There are 2 protein chains.
Amino acid sequence: MTNPQVQRTHELMLNAAGSLLSAGGPEAVTHLRVAEESGVARATVYRHWSTRADILLDLLRRGANLSLDPPSGDLALEERVTGVLEAFAAALRSEGGRTLSAMIGLAEWDEEVFNALERMTEFGPRILRRLLAAGVDDGELVQGTDVDMLADRLIGPLYLRRLLYHDDLTDGYVGRLASVTLAPHLVS
Amino acid sequence: MTNPQVQRTHELMLNAAGSLLSAGGPEAVTHLRVAEESGVARATVYRHWSTRADILLDLLRRGANLSLDPPSGDLALEERVTGVLEAFAAALRSEGGRTLSAMIGLAEWDEEVFNALERMTEFGPRILRRLLAAGVDDGELVQGTDVDMLADRLIGPLYLRRLLYHDDLTDGYVGRLASVTLAPHLVS
DNA sequence: CACATATGATACACTATGTCTCATCTAAGT
DNA sequence: ACTTAGATGAGACATAGTGTATCATATGTG
């Protein structure tokens, strides 16, 4: 729908849902509260989303638009990787981390949520894998490097610290992680 | 309470809650359904846990009793680490993974859940860190190895694949992960 | 301006929550 | 065996949220 009225109410409600999610978690996102918080009639909330999961999915999709800029090509591979990981860490530090926490639990039992989550989260790793694959082609990384696993090994610790430990993802940590993980695979 | 009647109903209800969580996620664990599923009066469920989070917390505590056996001392460090990681992966593959998924979202907004989750999840990494620290002391790992980060780098990818990608944690993957991550830090 | 569509307001039946009361059952001590 | 404290069962009650439906009103578009 391109109807501006629809877009307006939709955005109003989605903003309210975002506040509710951020403040009280997924359970706080109810049709009633979204209606109250956004000043929209309850029936309208149902017209846009029939279930709570649909609201959260939409929220997730909107949050997925955090675009990680591909790094400039004239830096050394380690700097480019570090740049991507720092942008990734920044996304996890922001509201994206909270949304992600909420979604992981839902995705376990709702395939639709899982697919949406996959689309959101595969974006960072994909850039990283491409970067690493290019590094192998260019001879910056040793031949035979398992690019997929290397990407897991760079990203996994970030998720671990953010989602499970609730630790800050400082740039220092990210830099050391990139450095120590990449080092054995760098040529020269 | 040591009252056997209390223990009996408590266990009945927890088992029911476990089934509900496993089948339908955290949202499916309601006082009413736990009562129905366990054949206990609804009021009794409230008497044991006043909120849903309390039920899930108890479930989490019970699940936390998965004890990872410390590996036998006469293996090479890489084999011992691989053993710990495989036990860890097995725990994530089982119901523990589902419970964990559910808890991550709750822990984001409920400090009590977070603390319980921390107690449950720190167990594996602690064994691993101790193993790695011993490796440094024994000279099997190079001096100056960042043991905490090395543990993150070994565990992070497992969580990433299980919680976000819903991938199987095969022993092959775990072995390769341990091998490629440890290799640069091994002396010999 | 007229029409289509979205929204607001309200009603209804239903599920779940959280608290309360009182009768009944169970466990433990005498 | 008797008694008593504590736990449970059964049910009532007010409240929050769900999901659907209806109809008047407001908004956007041709």
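Computed from a prediction, not measured in an experiment: that's the story for all the values here. Here is the naming used below: chain letters follow the sequence lines, and residue numbers restart at 1 for every chain.
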Task: For D58(B), side-chain hydrogen bond (donor to acceptor under 3.5 Å, both in side chains) partners two or more places apart - done: H10(B), W49(B)

Open item on the list: Between D152(B) and Y159(B), is there a side-chain donor-acceptor contact under 3.5 Å, judged purely by atom types and distance?
Closed with: no

TODO: Give a yes/no answer on whether the side chain of T30(B) brings an N or O atom under 4.0 Å of OP1 or OP2 in dA16(C).
DONE: no

- [ ] Can you tell me the distance, in whole Å, between the CG atom of L32(B) and the P atom of dA16(D)?
- [x] 19 Å

Task: Whole angstrom value for the distance that separates P of dT17(C) from CD of E27(B) - done: 11 Å

Task: Spacing between L12(A) atom CG and dG8(C) atom C1', to the nearest angstrom - done: 14 Å

TODO: Treating Ile, Leu, Val, Met, Phe, Trp and Tyr as nodes and any side-chain heavy-atom pair under 4.5 angstrom as an edge, say whether L154(B) and V136(B) lie in one connected cluster.
DONE: yes

TODO: Indicate whether OP1 or OP2 belonging to dT7(C) is found under 4.0 Å from a side-chain N or O atom of H48(A).
DONE: yes

Task: Atom-to-atom span, CZ of R33(A) to C1' of dT15(D) - whole angstrom - done: 13 Å

Open item on the list: In this structure, how many angstroms lie between the P atom of dG17(D) and the CZ atom of R52(B), rounded?
Closed with: 13 Å

Task: Candidates R126(B), R130(B), R153(B), R129(B) - the one meeting salt bridge (Lys or Arg N to Asp or Glu O under 4.0 Å) with D148(B) - done: R129(B)

Open item on the list: Would you say H31(A) places a side-chain N or O within less than 4.0 Å of OP1 or OP2 belonging to dG17(D)?
Closed with: no

Task: Aromatic ring proximity, centroids under 6.0 angstrom, Y165(B) and F114(A) - done: no

TODO: Calculate the interatomic distance between E11(A) atom CD and dT7(C) atom C1'; express it in whole Å.
DONE: 17 Å

Open item on the list: Between W109(B) and L21(A), is there a side-chain heavy-atom distance shorter than 4.5 Å?
Closed with: yes

Task: Under 4.0 Å protein heavy-atom contact, by nucleotide of nucleotides 20-30 of chain D - B base, S sugar-phosphate only - done: BBB----SSS-

